[in-house]
Amino acid sequence: MNNKLGRLTGGLALALYAGLASAGYQINFQPPVTRIASEIYDLHMLMMYVILVIFCVVFGVMFYSIYAHRKSVGHKAAQFHENTTVEIIWTVIPFLILVGMAWPATKTLIAFKDTSNPDITIKATGYQWKWGYDYLKGEGEGVGFLSALSTPQDQIHNQKPKDEHYLLEVDNPLVVPVGKKIRVLTTANDVIHSFWVPAFGIKQDAIPGFVRDTWFRADKEGTYRGQCAELCGKDHGFMPIVVQVVSAEKYTQWVAEQKKKASAAAEDPNKQWTPAELQAKGEKVYAANCAACHQPTGKGMPPAFPALDGSKIATGPKAGHIERVLNGKPGTAMAAFGKQLSDTDIAAVITYERNAWGNKTGDMVQPAEVKAARGK
Amino acid sequence: MSAVIDTHGHGHTDHDGHEHHPSGLMRWVTTTNHKDIGTMYLWFSFTMLLIGGVLALTIRAELFEPGLQIVNPEFFNQLTTMHGLIMVFGAIMPAFVGFANWQIPLMIGAPDMAFARMNNWSFWLLPVAALLLISSFFVPGGAPAAGWTIYAPLSLQMGPGMDLGIFALHIMGASSIMGSINIITTILNMRAPGMTLMKMPMFVWTWLITAYLLIAVMPVLAGAITMTLTDRHFGTSFFNAAGGGDPVMFQHIFWFFGHPEVYIMILPAFGIISQVIPAFARKPLFGYASMVYATSSIAILSFIVWAHHMFTVGLPTAGLLFFMYATMLIAVPTGVKVFNWLATMWQGSMTFETPMLFAVGFIFVFTMGGFTGLMLAIMPVDVQMQDTYYVVAHFHYVLVAGSLFAIFAGTYFWIPKWTGIMYDETLGKWHFWLSLVFFNVTFFPMHFLGLAGMPRRIPDYASQFTEFNQIASVGAFGFGLTQLLFLYIVLKCSVLRKGEKAPARPWEGADTLEWTHLPSPAPYHSFHEQPEVK
């Protein structure tokens, strides 16, 4: 019996220990990979120790008092009160502790804000709900792409087991070279987002109509994951940030690949597409950009996200449909996709929407028509 | 609480029953009696606490596991937003106004509040506002889903639910301003002869300061949400960059209201604790004058720290330094208050009835919220914690373990005076211990979640956050259910009227006027003749 109990507690303790040791019970910041992030880590630890000491002293006094100065143990109440000396002491000592904390904090803060002399400048644009990256200056200048969640919907809806980086994986990660100072300019297309990579110790709000900046210099190669940190609507929880830090050579290689891809993707805007080609491409564009709100079934989630299946716009004149996709609908979550997607993508997705589900307009939109509509 | 109803309704003649007022429902609609109005405030806020609590439990149920199980992301955002709005404006603030209504006249020896009819009006605005707010769930597009901070431009994307929310906030703001004018006038003009300002009970002091804060900042909130309203419907561009506006300006205005608002929700709690601790330590408050000065300093500092909520919007270095230093300074007067409570306990002759348990629990757990507040004040550290579960943990430590525990302490402390019946001490202690344990089970793991990198306001999370979320969800359900025990304890005193009869002064160390000059329950009309205070 005793033996059994012993084994049981032993097993439980072991399970608890294993549980605590697993990543699931992480109780501190992620391991820092930039100087700023490790300064923040140290600052937090320093404060933690100071706070623990204060905690022990203050509550040591309180619990001793609770133990000793009780009526039930016969303690008689003293009647002292008001003592200016004591008041001054417990005002001045905390103040001095605060000054001690403010000193290292100030140093880190000033380093944190110093975005001067970057090696590479990247603009991160927040969209509802993905990130756009444009390499503005330094090696890789001209590269630009969108980066969206790549976790499949059926994992989110519990129809398939979740993979290792559930919700923290994207189709096109941000790639930067190790050891280089990267300045990130943040802005947004619709509402406020926030660019946050915990391992780098940076978080910078991305504000529509304004450009803000932050910087990092990653000391270690690897893949680092963060998330949008400012509530930005329905899919706020589904717009992660993934940064791959690679060696200088690999980075050069990556830039070359990106440029090659870009020139290959530059399609002839005057090419005439067949309806089948447009619909096939359109279905993919729809899945990546539209399905989150309007749903793969085209039924939407009325009233916030109207159905496209049978909608007036998707079955009405082409011009109105093109206009809505290009310019969005101000005051709603319907974004102006003209800024995000190419003429071909827009033409394809509109063709798809006009011929999918119950919509049977039988017409199609060529990239040239979208291009013409952009000017208006 | 409804003891007052009963003594009156049953036609007892042992009080000055020479007034004629309606009975039944109309009595409550038309009442101008501070005790009736206080009672209504308290029941209203408890109702809102339960509604807000149900929303919170739905959130915790969804977050029990990764993946979407119970609600979809839009509705999740509506839940977090409405939970915040209902708890802040519906539960915590009205509860303290309820205490003010009941206790301020009793503690300063006044017959009633200064503006009795306005008092009725400021209460009856609240149910109307609450109905507007809650009805937003049923309009197309649902309730506001931009967070309780309703940041522009996200708030500009919402459906008509946002407009209902804005109107509800306007009405609640008007109610708060009227309540504050009433409280200030009552305190400044209707104190018993001999009660100088520096002889007022601490609870009255903290409410005097709070009322000034309310009058200063509620109009600022009204301005912010009115601009949001005109941006939404009348083509203005205050917060719309495309029209030349600035989304960040909304945050500055909102937090200029929002930070003093935080102290509006905690200063009256400090007041309650400052009454309870001396009563159960049987020893005067250690530093009365320094408590008054500390409270005033906190109130004044609250106007110059708002941008610490905005450390990641990209403020200039000098601005960041200023707001960081100013925020750290708040630790000094807050520390003074905690040290004073400890010095009051020291060498006392303490007993630990439920009010004292909640007061000591308050000091212990609220101070932890204070520590994390100090951590968040350090701008570089805050960058990692902003908009994570660390912040969620922090403000629940100060708002639940702070404000709510103080409300519980105050209720147990004064309910004998309100109803004339002692609450059930055993059940009260159970309520305390269960609340304390479940509170920590719920919110302590959230610190770890935040540090490890879990953002707040997300309906679904990466798998490594599962374990702590599960612990938090279990704790939340425990905490929520425990509050039904509180409901039962209060009903037992007020409606069922079971329990021992309370003496005029059930607490040996309590020495303010309501204990020394009035029977329990306090008669419907008290202090027709003001007592002399020496």
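The figures here come from the full heavy-atom set of this structure, side chains too, leaving out hydrogens, waters and symmetry mates. First the proteins, then the strands, lettered A, B, ... as listed; each starts at 1.
- At a 4.5 Å heavy-atom cutoff, the contact between Leu68(B) and chain A is made by backbone and side-chain atoms alike.
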### Task
Report the C-alpha separation of Phe364(B) and Phe63(A) in whole Å, then their side-chain angles, then the decisive distance to 0.1 Å, and conclude whether the ring-ring contact (aromatic ring centres under 6.0 Å, His included) test is met.
CA-CA 10 Å; Phe364(B) 185 64; Phe63(A) 285 111; 5.6 Å; yes
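- Side chain of His75(A) to backbone of Gly348(B): a donor-acceptor contact under 3.5 angstrom is found.
- Here the CG atom belonging to Asp205(A) is positioned 3.5 Å from the OG1 atom belonging to Thr312(B), to the nearest 0.5 angstrom.
- Side-chain N or O atoms of Gln347(B) include none that pairs as donor or acceptor with a backbone N or O of His69(A) at under 3.5 Å.
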### Message
Would Asp387(B) and Trp196(A) count as a side chain to side chain contact (heavy atoms under 4.5 Å, CB included) here? Give the steps.
### Response
CA-CA 10 Å; Asp387(B) 271 312; Trp196(A) 179 33; over 6 Å; no
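- Using a 4.5 Å cut-off between heavy atoms, Leu156(B) contacts chain A through its backbone alone, with no side-chain atom that close.
- The nearest pair of heavy atoms linking Pro198(A) to Gln384(B) is O-NE2, 2.8 Å.
- Proximity of Leu154(B) to Ile192(A): side-chain heavy atoms (C-beta onward) are nowhere separated by under 4.5 Å.
- Residue contact with chain A, scored on non-hydrogen atoms closer than 4.5 Å, is absent for Ala377(B).
- Between Phe55(A) and Thr367(B) the shortest side-chain heavy-atom distance does not fall below 4.5 Å.
- Each of Val381(B), Leu449(B), Thr344(B) has some count of heavy-atom pairs under 4.5 Å with chain A, and the biggest count is that of Val381(B).
- Cation-pi geometry between Lys283(B) and Phe80(A) is satisfied (NZ or CZ under 6.0 Å from the ring centre, within 45° of the ring normal).
- Between the Gln227(A) side chain and the Met454(B) main chain, no donor and acceptor come within less than 3.5 Å of each other.
- With a threshold of 4.5 angstrom between heavy atoms, Tyr325(B) approaches chain A through side-chain atoms but not through N, CA, C or O.
- Chosen from Asp235(A), Asn83(A), Val50(A), the residue pairing most often with chain B at heavy-atom distances under 4.5 Å is Asn83(A).
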### Message
I'd like to know whether Ile89(A) forms a side chain to side chain contact (heavy atoms under 4.5 Å, CB included) with Phe339(B), so could you lay out the CA-CA distance, the side-chain angles of the two residues, the decisive distance to 0.1 Å, and finally the verdict.
### Response
CA-CA 11 Å; Ile89(A) 290 173; Phe339(B) 298 142; over 6 Å; no
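- For the pair Val313(B) and Phe210(A), the minimum side-chain heavy-atom distance is 4.5 Å or more.
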### Task
Could you please spell out the steps behind the side chain to side chain contact (heavy atoms under 4.5 Å, CB included) verdict for Arg456(B) and Leu231(A)?
CA-CA 8 Å; Arg456(B) 64 191 279 212; Leu231(A) 179 63; over 6 Å; no
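- Of all heavy-atom pairs between Val191(A) and Gln157(B), the closest is CG1-NE2, 3.5 Å.
- Formation of a donor-acceptor pair under 3.5 Å by the Asn28(A) side chain with backbone atoms of Leu451(B) is not found in this model.
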### Full working for side chain to side chain contact (heavy atoms under 4.5 Å, CB included) between Val338(B) and Met62(A)
CA-CA 10 Å; Val338(B) 173; Met62(A) 185 175 96; over 6 Å; no
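- A donor-acceptor distance shorter than 3.5 angstrom exists from the side chain of Asn77(B) to the backbone of Gly233(A), with no hydrogens or angles considered.
- Contact of Leu376(B) with chain A is not made at all, since no heavy-atom distance falls under 4.5 Å.
- Among residues 105-114 of chain A, the residues having any heavy atom closer than 4.5 Å to a heavy atom of chain B are, in sequence order, Ala105(A), Thr106(A), Thr108(A), Leu109(A), Ile110(A), Phe112(A), Lys113(A).
- For a residue to count as touching a neighbouring chain, one of its non-hydrogen atoms must lie under 4.5 Å from one of that chain's; by this rule Ala146(B) touches chain A with the backbone only.
- Both the backbone and the side chain of Val58(A) come within contact range of chain B, each with at least one heavy atom under 4.5 Å from a heavy atom of that chain.
- In terms of modelled atom types and a separation under 3.5 Å, the side chain of Glu82(A) and the main chain of Gly287(B) share no donor-acceptor contact.
- Taking both residues in full, the closest heavy atoms of Ala77(A) and Ala281(B) are given as CB-O, 3.9 Å, listed atom of the first, atom of the second, then distance.
- The most heavy-atom pairs under 4.5 Å with chain A, out of Ala145(B), Gly245(B), Gly159(B), Ser290(B), come from Ser290(B).
- Neither the backbone nor the side chain of Gln78(B) comes within less than 4.5 Å of any heavy atom in chain A.
- In this structure, chain A has no heavy atom under 4.5 Å from any part of Pro445(B).
- Without hydrogens or angle criteria, Lys203(A) side chain to Val383(B) main chain gives a donor-acceptor distance under 3.5 Å.
- You'll find the side chain of Glu87(A) reaches within 4.5 Å of the side chain of Asn340(B), heavy atoms only.
- With chain B as the partner, the residue from Pro208(A), Pro94(A), Gly209(A) showing the most heavy-atom pairs under 4.5 Å is Pro208(A).
- Contact annotation: the side chain of Gln26(A) never approaches that of Phe465(B) to less than 4.5 Å [non-hydrogen atoms, C-beta and beyond].
- Using a 4.5 Å cut-off between heavy atoms, Asp246(B) contacts chain A through both its backbone and its side chain.
- Side chains of Phe95(A) and Leu329(B) form a contact here, defined as non-hydrogen atoms less than 4.5 Å apart.
- Contacts of residues 36-46 of chain A with chain B at a heavy-atom distance below 4.5 Å involve Ile40(A), Leu43(A), His44(A), listed in sequence order.
- Of the residues considered (Tyr166(A), Phe305(A), Trp90(A)), Trp90(A) shows the highest number of contacts with chain B, using heavy-atom pairs under 4.5 Å.
- Taking every heavy atom of both residues into account, Met47(A) and Leu374(B) meet most closely at CE-O, 3.8 Å.
- Chain B forms more heavy-atom pairs under 4.5 Å with one residue of Gln155(A), Gln30(A), Arg70(A), His236(A) than with any other, namely Arg70(A).
- By the 6.0 Å contact criterion, CZ on Phe322(B) is enclosed, its count of non-hydrogen atoms from other residues, nucleotides or ligands being greater than 12.
- When Ala199(A), Ala78(A), Gly237(A) are compared by the number of non-hydrogen pairs under 4.5 Å with chain B, Ala78(A) comes out ahead.
- One distance of note links CG of Asp460(B) with OG1 of Thr151(A); it measures 9.0 Å at 0.5 Å rounding.
- At a 4.5 Å heavy-atom cutoff, the contact between Glu508(B) and chain A is made by side-chain atoms alone.
- There is no contact between Ala294(B) and chain A, counting heavy-atom distances below 4.5 Å.
- Taking Gln128(A), His165(A), His157(A) one by one and counting their heavy-atom pairs under 4.5 Å with chain B, the maximum is reached by Gln128(A).
- Smallest separation of non-hydrogen atoms from Leu168(A) and Ala462(B): CD1-CB, 3.6 Å.
- Here the side chain of Gln79(A) pairs a donor or acceptor atom with the backbone of Arg282(B) at under 3.5 angstrom.
- Heavy atoms only, all atoms of each residue included: Ala331(B) and Leu98(A) are closest at CB-CD1, 4.1 Å.
- Using bins of under 30°, 30° to 60° and over 60° for the plane-to-plane angle, the ring pair Trp346(B)/Tyr64(A) lands in the tilted bin.
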